[in-house]
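Reminder, nothing fancy here: chain letters follow the sequence lines and each chain counts from 1. The figures that follow rest on heavy atoms only: side chains count, while hydrogens, waters and symmetry mates do not.
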Amino acid sequence: MPPAIVNFIAGQVGVQQLVVSGTSTTAQTPPSHPRAAFLVLLIIISFTISAIAQEPADTAAFDLPDERPAPPTSVVVTDFKYDAGNRVDITWVPSIDDQPELTLVDGYTVYRSANGGDYKLLDSLLPGISMYEDEEVTPDSVYTYYVATMSGKDTVQSVVTQEIRPEWELVNFDLAWLFVIAVIISGSIVWFIWRARAGADLFVRKIAGLDAVDEAIGRATEMGRPILFIPGILDMDDVQTIAGLTILGRVAKQIADYDTRIRMPVSRSLVMTAARETIKASYQVAGRPDAYSDDMVSYVTDEQFGYVAAVDGIMVREKPATIFLLGAFFAESLILAETGNSIGAIQIAGTARPAQLPFFIAACDFTLIGEELFAASAYLSGEPKQLGSLKGQDVGKGIAMLAIILGMVAVTMATAFEIDFFQMIADGLNQVFSTKAE
Amino acid sequence: MASTIATILLILVGVSLLYIAYRTITGRPVERRIVFIYIALAVALPLFMTLPAPVQVTPDVERLYDALEELRPGSKVLVSFDYDPPSAPELQPMAVAFMKYAFKHDLRVIVMGLWPQGPQLANLAIEEAMADQEIAAKNLEYGVDYVNLGFQSGNEFVIQAMGTQFKRMFPQDDRRIPYDSIPLMANVTNFSNVDFVFNLSSGKPGTIEWVQIAVDRFGATMGAGNTAVQAPQVYPYLRAKQLHGLLGGMSGAAEFEKIVEEPGDGTTFILSQMFAHAIVILFVIIGNAAFFTERRKQE
Amino acid sequence: MRREVPLIITSIAGLVFAISFFIPLLGDAQNRFSDWVSIVQSFAVWLGLLNLTKVSLEKITRKREGWQYAILTVVSLVIMLAIGMFDGFSGLAQDPPVSYREPGTNFDWMFRYVYTPLTSTMFAMLAFFVASASYRAFRARNFEATLLLVAGFFVMGGRVPLFDLLIRWFTDYPLFNQFADWIMTYPNTAGQRAIMIGIALGIMSSSLRIILGIERSHVGGQ
Amino acid sequence: MDISNFLAAVLTLGIFSFLYKDNPVYRACEAIFVGVSAGYWAIVFFFDNLQKKFWEGVFPPDGSAGDHLLWFGAILGVLMLFRLSSKIGWIARWPLAFIVGATAGLYMITYFVSNAMNQVADTMLSLIVVNDVTGSIIWTQTIGALVVAVGVISGLVYFFFSKEHKGVFGATAKVGIWFLMITFGASFGYTVMSRMSLLIGRMSFLFRDWLGLIG
């Protein structure tokens with residue numbers, strides 16, 4: 001017989017004793033033999049029946065001011081699974097007198113004894129509560145607990161639980177599915193990076209916004225006006241800035257080919273250095289190293305609004321024909337996009353920050369939405385780690401889509417036709433993906 | 001009196017927009033400073049008006065309210081103030097209404113902040129709630145009925161460590177009382193000992209981090225109030241029941257004030273909010289009307 | 001040495017946090033690390049302050065553009081620090097100790113009447129810029145942008161009692177409020193969720209690269 | 001007149017003066033803002049973290065045993081300050097590496113669990129929502145479930161980069177972009193709402209708290 005059930009019965013015995021004698025209980029050794037348990041069960045049933053039979057009398061007794069509440073029953077202590085051996089859970093069935101409309105029960109108190117020592121108060125809990133997590137235990141000790149109903153100054157104790165020694169587990173098997181899926185996705189990311197390094201040709205679809213780049217640069221050349229490039233306001237440690245600079249490499253090469261001017265005010269000194277290197281390299285590739293100058297990139301200030309004011313000034317004075325806004329943007333996104341719009345420039349924007357994307361979409365001609373920015377960067381640079389990650393993430397998305405479709409079909413079939421098989425699949429999938437803590 | 005004048009002025013503002021529309025469509029758009037004046041008036045004038053705005057309580061707000069109603073008197077609520085003064089117009093009304101509700105329903109409030117300014121804004125909210133007569137009559141005691149644990153640096157790592165032990169990150173409260181000497185915290189080890197977590201958030205760290213760590217990892221029950229900028233992003237959590245209720249922006253504040261029957265700033269400001277939205281919508285329409293006339297001419 | 005040590009530190013810290021989800025015994029190490037993160041972040045804030053001072057002083061001594069304002073920055077910084085330190089240490093000397101930012105302290109006064117108006121107003125200016133952008137820049141230039149603006153209209157007009165007041169003559173039913181709510185609850189949730197799943201996978205792959213040492217930009221590599 | 005509020009009002013108007021045009025008053029207020037806010041942050045982190053958590057953690061005021069492992073945090077922190085020097089600035093990468101690593105490790109799983117796995121689980125919706133009691137279909141929720149399911153899948157298709165957007169796949173991606181646009185529209189509306197609230201807060205400060213014109 002599982003210990004929980006034994007305990008449950010032991011708890012019931014405790015209650016019955018209380019009801020009969022009206023005194024608090026002493027520790028009970030749980031019946032160890034199934035037949036004994038059965039006997040106890042019989043006794044409980046008979047008592048319950050007699051209790052029901054006596055109901056009117058009981059209700060009358062309820063109103064007496066000196067009535068003592070019943071203790072909590074079925075007090076069970078269980079080891080919390082998959083921890084470092086530092087938590088046990090105590091659960092109980094609230095006292096039958098614990099009803100929202102009655103005020104007899106003031107709450108519960110939980111007591112613990114470690115290694116057979118004295119019982120110490122752990123916590124006082126509100127009425128209606130039926131669980132306590134004790135997280136101040138160690139695997140080195142053995143514990144027993146009891147719970148008491150509080151009523152004014154009076155407390156009525158439950159039976160004492162079985163002894164428990166918290167156990168620790170090495171691996172949290174509750175999260176096994178999470179682990180498996182994480183490993184599949186991580187594995188495919190690593191695998192694709194490795195493949196890309198080995199020179200495999202990984203396919204990435206065309207990104208619509210990139211087609212517009214050539215056209216935009218061509219337009220600036222025709223009009224004889226400069227091109228402005230803003231890589232966001234974060235530093236080189238942000239992936240969006242890096243993606244912005246990757247695209248800059250491609251843009252700068254085109255600019256060198258067309259012999260147009262580029263202007264790039266930045267808000268971080270590290271970004272300035274990196275941007276200069278990028279443009280210089282592009283000019284070299286285009287075979288025009290002589291045309292490059294450090295003045296193309298200038299540092300303005302780290303201060304958000306100070307930077308915006310300076311960039312606004314440049315826009316109004318120099319009237320660039322094309323503006324690139326690619327990187328991490330915050331509240332300044334809309335100020336920049338608005339000014340760019342007001343001077344009639346073609347604007348190509350991209351950021352992964354969801355709160356700023358709407359403004360770019362509404363005010364710019366082309367916008368790289370979120371991950372498109374990274375995809376564009378991977379596509380243009382062909383860098384193995386970027387390409388590999390992109391493909392690996394696609395595997396993750398594939399799993400997500402598949403799971404959603406499967407789960408949806410299963411749940412829908414189960415609801416519509418009440419077929420157990422589908423319900424089983426639906427429950428299984430839900431178990432795999434849902435990881436809500438209890 | 002002031003209300004009438006404000007209303008008349010506002011009508012004049014509305015009429016003058018017609019002229020702006022005419023100018024813009026005929027290709028002579030006004031300067032941005034003119035636009036600035038319009039928005040200033042649209043926000044300021046309604047502050048003087050006494051029109052009642054019919055606030056409609058949405059299901060997301062109702063869900064928070066229902067979750068709160070389930071808490072018995074004496075329940076412990078952890079409120080994290082994760083915002084700074086710029087977001088206070090949206091979040092402070094929520095904070096005040098929440099405090100008033102909590103104190104009136106005898107909930108024990110534990111305040112903390114992951115943003116350095118949070119605990120001070122919490123003090124302001126508590127001050128305002130205490131000014132309420134019914135609450136003042138309760139003579140609530142610091143450390144017993146409510147406590148301000150203060151701020152700790154470490155962003156989401158603070159939540160992570162709190163999952164094991166609050167005390168680890170808050171060895172003393174904001175008033176420098178040791179954790180172990182605070183009666184309210186006597187039996188509070190970690191999230192399993194608080195009944196509800198309420199998070200007021202305007203960014204990072206905020207609701208997203210709380211859901212990821214406190215809810216999904218440590219099993220806390222949580223509701224949140226967010227600035228409107230952030231609110232749309234947390235809707236998926238709301239659907240997946242990782243969040244129990246959400247107050248979004250000023251309208252969320254006004255709705256919450258309505259449902260808990262504690263009218264405050266949210267209710268007062270909603271009128272200004274309404275006119276500001278009207279102006280923005282009208283400006284977008286005017287701008288686009290001009291845009292399309294222009295485009296037609298070019299064709 | 002310059003590259004390897006930080007790479008090893010990164011990997012260990014990353015592994016402890018990632019794996020402790022599955023191995024409960026690592027919980028303690030993880031909490032230790034959280035302590036350290038918390039302390040390092042304080043130093044980062046002080047680094048910012050020292051950096052600001054350095055830059056401002058350079059500006060002043062070299063008389064660069066706007067050096068007069070740099071003086072103001074340094075002076076206000078020193079005043080704020082002095083008040084905070086004074087309130088803090090004098091409070092600690094009392095029995096029982098008093099916090100440096102208890103209501104009524106000078107530091108709290110600075111917070112309420114200097115810091116709050118400055119920072120709040122700084123951000124409040126955005127309202128003006130949104131308005132002028134809506135007049136000058138937000139255009140229904142293609143189908144996507146049109147869809148965006150229309151959805152935006154319904155949300156803006158529905159979340160406050162604006163559109164519903166306009167239809168008051170016809171019906172009392174909060175039609176637009178309900179519709180805005182519907183947009184938020186269904187299409188918005190769907191779109192946000194798609195973005196969310198994508199970002200989560202993106203973060204996973206960049207974290208993995210960092211932990212495995214494939215990504216080295218933070219240690220000065222490429 | 002209350003001197004405190006007067007000062008706050010002057011600072012408020014000083015910042016707002018930028019709306020007319022960039023001017024010395026605005027730049028002065030901005031300079032004060034930068035200084036005061038840096039000082040504010042530094043003080044809070046000093047007392048609430050360095051003094052309260054670190055120092056009193058290592059040397060508890062009640063004389064109990066201190067937690068000396070906290071020193072590691074402080075040592076890493078001090079290394080961070082080396083960044084100010086150009087010669088040995090590289091050593092500041094150690095604490096940075098620690099922070100970057102810890103954040104990567106934590107995010108790797110938290111984002112995956114909360115933002116991917118649980119969201120996928122919640123999207124496995126029944127496309128028919130039935131009232132438990134009457135057995136009839138609840139149309140609003142059925143349509144809602146359909147919208148969420150189609151939106152999430154088509155959105156994911158849009159962000160799927162390993163396949164060209166052609167045929168059915170392309171059409172699905174097209175639907176995906178529509179959903180994204182509605183989402184961004186909602187964000188747009190909410191962001192406007194947020195920005196306006198900030199201004200309302202300042203206006204109410206000026207007219208109510210300072211001038212006392214509103215009751």
Side-chain angles (χ1 to χ4, degrees), chain C residues 2 6 9-10 13-14 17-18 21 33 35-37 39-40 42-43 45 47 49 52 69 72-73 76-77 80-81 84 88 100 113-115 117-118 121 123-124 126-128 130 144 147-148 151-152 155-156 183 186-188 190-194 196-198 200 203-204 207 210-211 218-219, chain D residues 4 8 11-12 15 27 31-36 38-43 45 47 49-50 54 73 76-77 80 90 93-95 97-98 100-102 104-109 111-112 115-116 119 144 147-148 151-152 155-156 159 179-186 188-189 195-196 198-199 202:
Chain C
R2 286 192 186 189
I9 295 176
T10 308
F17 274 98
F21 267 80
F33 281 18
D35 284 349
W36 300 347
V37 171
I39 294 169
V40 173
S42 294
F43 278 94
V45 167
L47 174 70
L49 177 132
L52 175 70
Y69 301 110
L72 257 182
T73 300
S76 50
L77 171 65
M80 197 66 180
L81 279 182
Y100 61 97
Y113 298 107
V114 179
Y115 178 74
L118 285 172
T121 315
F123 285 90
L126 287 170
F128 293 101
V130 167
E144 278 86 25
L147 203 55
L148 184 151
V155 169
M156 271 192 274
I183 292 180
Y186 298 107
N188 170 65
Q192 291 287 0
R193 191 169 272 173
M196 203 178 217
I197 294 173
I203 284 180
M204 200 176 164
S207 299
I210 287 171
I211 294 172
H218 66 286
V219 296
Chain D
S4 307
L11 295 173
T12 302
I15 298 274
R27 295 193 68 185
I32 296 172
F33 166 57
V34 173
V36 166
Y40 178 84
W41 279 66
I43 287 292
F45 279 78
F47 282 107
N49 183 262
L50 295 179
F54 166 65
L76 282 173
M80 193 120 195
W90 56 271
R93 287 193 185 134
W94 293 19
F98 176 71
V100 169
L106 183 68
Y107 279 13
M108 186 170 165
I109 310 290
Y111 270 87
F112 186 56
N115 290 16
Q119 303 306 325
V147 166
V148 170
V152 174
L156 283 172
F159 287 125
F179 268 97
L180 290 177
M181 285 306 143
I182 296 175
T183 306
F184 290 135
F188 176 84
R195 303 297 186 224
M196 293 304 152
L198 306 191
L199 180 59
R202 286 334 281 160

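Here the shortest heavy-atom pairing between A38(D) and L49(C) reads O-CD1, 3.7 Å. Between A194(C) and G151(D), the shortest heavy-atom distance links the atoms CB-O, 4.5 Å. Shortest non-hydrogen contact noted between G35(D) and S76(C) is CA-OG, 3.6 Å. Closest non-hydrogen pair, P6(C) versus A97(D), comes out as O-CB, 3.3 Å. The two atoms that bring A42(D) and L81(C) nearest to each other are CB-CD2, 4.1 Å, heavy atoms only. When every heavy atom of Y113(C) is checked against every heavy atom of L11(D), the shortest pair comes out as O-CD1, 3.9 Å.
Atom CE of M80(C) sits about 12.5 Å away from atom CD1 of I32(D), to the nearest 0.5 Å. One distance of note links OH of Y107(D) with CD1 of I203(C); it measures 7.0 Å at 0.5 Å rounding. Here the CH2 atom belonging to W94(D) is positioned 6.0 Å from the CD1 atom belonging to I9(C), to the nearest 0.5 angstrom. With rounding to the nearest 0.5 Å, the separation of CD1 in I210(C) from CE in M108(D) is 11.0 Å. Taking CZ of F123(C) as the reference point, atom CZ of R195(D) lies at 8.5 Å (rounded to 0.5 Å). For the atom pair CD1 (I182(D)) and OH (Y186(C)), the distance works out to 15.0 Å, reported to the nearest 0.5 Å.
Looking at V114(C), both its backbone and its side chain come within 4.5 Å of chain D, counting heavy atoms on both sides. Only the side chain of F159(D) comes within contact range of chain C, judged by heavy atoms closer than 4.5 Å. When heavy atoms are compared at a cutoff of 4.5 Å, V130(C) approaches chain D solely by way of its side chain, counted from C-beta outward. Of the atoms belonging to L47(C), heavy atoms from both backbone and side chain fall under 4.5 Å from chain D. Only the side chain of F188(D) comes within less than 4.5 Å of a heavy atom in chain C; its backbone stays farther off. Only the side chain of Y100(C) comes within less than 4.5 Å of a heavy atom of chain D; its backbone N, CA, C and O stay farther away. For R27(D), the parts sitting under 4.5 Å from any heavy atom of chain C are the backbone and the side chain alike.
Considering only residues two or more places apart in sequence or on other chains, A31(D) meets the side chain to side chain contact (heavy atoms under 4.5 Å, CB included) condition with Y69(C), L72(C), T73(C).
Among M196(C), M204(C), R193(C), the residue making the largest number of heavy-atom pairs under 4.5 Å with chain D is R193(C). If you tally non-hydrogen atom pairs under 4.5 Å between each of G14(C), S42(C), G84(C) and chain D, the highest count goes to S42(C). Between chain D and the residues I39(C), L77(C), N188(C), V155(C), the most heavy-atom pairs under 4.5 angstrom are made by I39(C). Per-residue counts of heavy-atom pairs under 4.5 Å with chain D were compared for I211(C), I197(C), I183(C); the largest is that of I197(C). For the set L180(D), T12(D), T183(D), V147(D), the entry with the most heavy-atom pairs within less than 4.5 Å of chain C is T183(D). Taking chain C as the reference chain and counting heavy-atom pairs below 4.5 Å, the highest number among N49(D), L199(D), V100(D), V152(D) is found for N49(D).
Considering only heavy atoms from C-beta on, F43(C) comes within 4.5 Å of L50(D) through its side chain.
For F33(C) and F98(D), the ring centers are positioned less than 6.0 Å apart.
Put simply, the side chain of S207(C) gets close to the backbone of A104(D): a donor and an acceptor are under 3.5 Å apart.
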